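Please read the structure below before turning to the comments.
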Amino acid sequence: QVQLVESGGGLVQPGGSLRLSCATSGFVFDWYAIGWFRQAPGKELEGVTSVDRDGRPHYADSVSGRFTISRDNAKKTVFLEMNSLNTDDTAVYYCAKSGSAYVPRPLLPSKFASWGQGTQVTVSP
């Protein structure tokens, strides 16, 4: 079965950084685009970033310049480096597997078929 497991969340002060990981199994990792989504309290699921099969990244305007997505095909893992965090970044972060090799913008949940359980990121003084 397809599995995605997020890790790396936690509590960080504004201006700080966190690095999330998404370890995957159960599919040919390098064939598919992988995305990161987040859901803040009281808000809908938001597309954050995705990386295509070829490594090309795409970012939501809210995180562009602050977040970096990357993939390590040998480790079957996707990373999300988050810098200059602010309180608006507080959310549960999910990684998800696309059904294709490339995902156009905007990032929509309907383009992703499999999801992890999420990891909590809290930005607070």
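Keep in mind it's a predicted model, so treat the numbers as computed, not measured.
- Contact annotation: the side chain of Val123 approaches that of Pro14 to within less than 4.5 Å [non-hydrogen atoms, C-beta and beyond].
- Once rounded to the nearest 0.5 Å, the distance linking NZ of Lys97 with CH2 of Trp31 reads 10.5 Å.
- Taking hydrophobic clusters as Ile, Leu, Val, Met, Phe, Trp and Tyr residues chained together by side-chain heavy-atom distances below 4.5 Å, Val12 shares a cluster with Trp36.
- Closest non-hydrogen pair, Tyr59 versus Phe67, comes out as CE2-O, 3.2 Å.
- Listed for the Thr77 side chain is a donor-acceptor partner under 3.5 Å among the backbone atoms of Lys75.
- Nearest heavy atoms, Asn83 versus Ser17: OD1-OG, 2.8 Å.
- Distance OG1/Thr49 to NE2/His58: 8.5 Å, rounded to 0.5 Å.
- Taking the six-membered ring wherever Trp is involved, the centroid distance between the rings of Phe37 and Trp115 falls below 6.0 Å.
- Checked by atom type and distance alone, the side chain of Thr24 pairs as donor or acceptor with a backbone atom of Lys76 at under 3.5 Å.
- Cluster membership check: Tyr32 shares its hydrophobic cluster with Val51, using side-chain heavy-atom separations under 4.5 Å among Ile, Leu, Val, Met, Phe, Trp and Tyr.
- To the nearest 0.5 angstrom, Leu18 atom CG is 4.5 Å from Met82 atom CE.
- Minimum heavy-atom separation, Ile69 to Pro57: CG2-CB, 3.6 Å.
- Taken together through direct or relayed side-chain contacts under 4.5 Å among Ile, Leu, Val, Met, Phe, Trp and Tyr, Leu45 and Val92 form part of one hydrophobic cluster.
- Ionic pairing of Lys43 and Asp88 is not present here: no N-O contact between side-chain nitrogen and carboxylate oxygen is shorter than 4.0 angstrom.
- Note on Phe112 and Val48: separate hydrophobic clusters, where clusters join Ile, Leu, Val, Met, Phe, Trp and Tyr whose side-chain heavy atoms are under 4.5 Å apart, directly or indirectly.
- The two residues Val121 and Gly9 have their closest heavy-atom pair at CG2-CA, 4.2 Å.
- Arg38 is not listed as a side-chain neighbour of Leu80, based on a closest heavy-atom distance of 4.5 Å or more.
- Cation-pi geometry between Arg71 and Phe29 is satisfied (NZ or CZ under 6.0 Å from the ring centre, within 45° of the ring normal).
- With rounding to the nearest 0.5 Å, the separation of CD in Gln13 from CG in Leu11 is 8.0 Å.
- The CD atom of Gln120 sits 7.5 Å away from atom OG1 of Thr90, with the distance rounded to the nearest 0.5 Å.
- Here the side chain of Asp52 pairs a donor or acceptor atom with the backbone of Val103 at under 3.5 angstrom.
- In the hydrophobic cluster analysis, where Ile, Leu, Val, Met, Phe, Trp and Tyr join through side-chain heavy atoms closer than 4.5 angstrom, Ile34 is grouped together with Val2.
- Taking both residues in full, the closest heavy atoms of Cys95 and Glu6 are given as N-OE2, 2.9 Å, listed atom of the first, atom of the second, then distance.
- The shortest distance between side-chain heavy atoms of Lys111 and Ser50 does not fall below 4.5 Å.
- When every heavy atom of Asp89 is checked against every heavy atom of Tyr93, the shortest pair comes out as O-OH, 2.7 Å.
- Atom CG of Asp54 has more than 12 heavy atoms from other residues, nucleotides or ligands within 6.0 Å.
- Of the inter-residue distances, the one linking Ser114 atom OG with Gln1 atom CD reads 10.0 Å to the nearest 0.5 angstrom.
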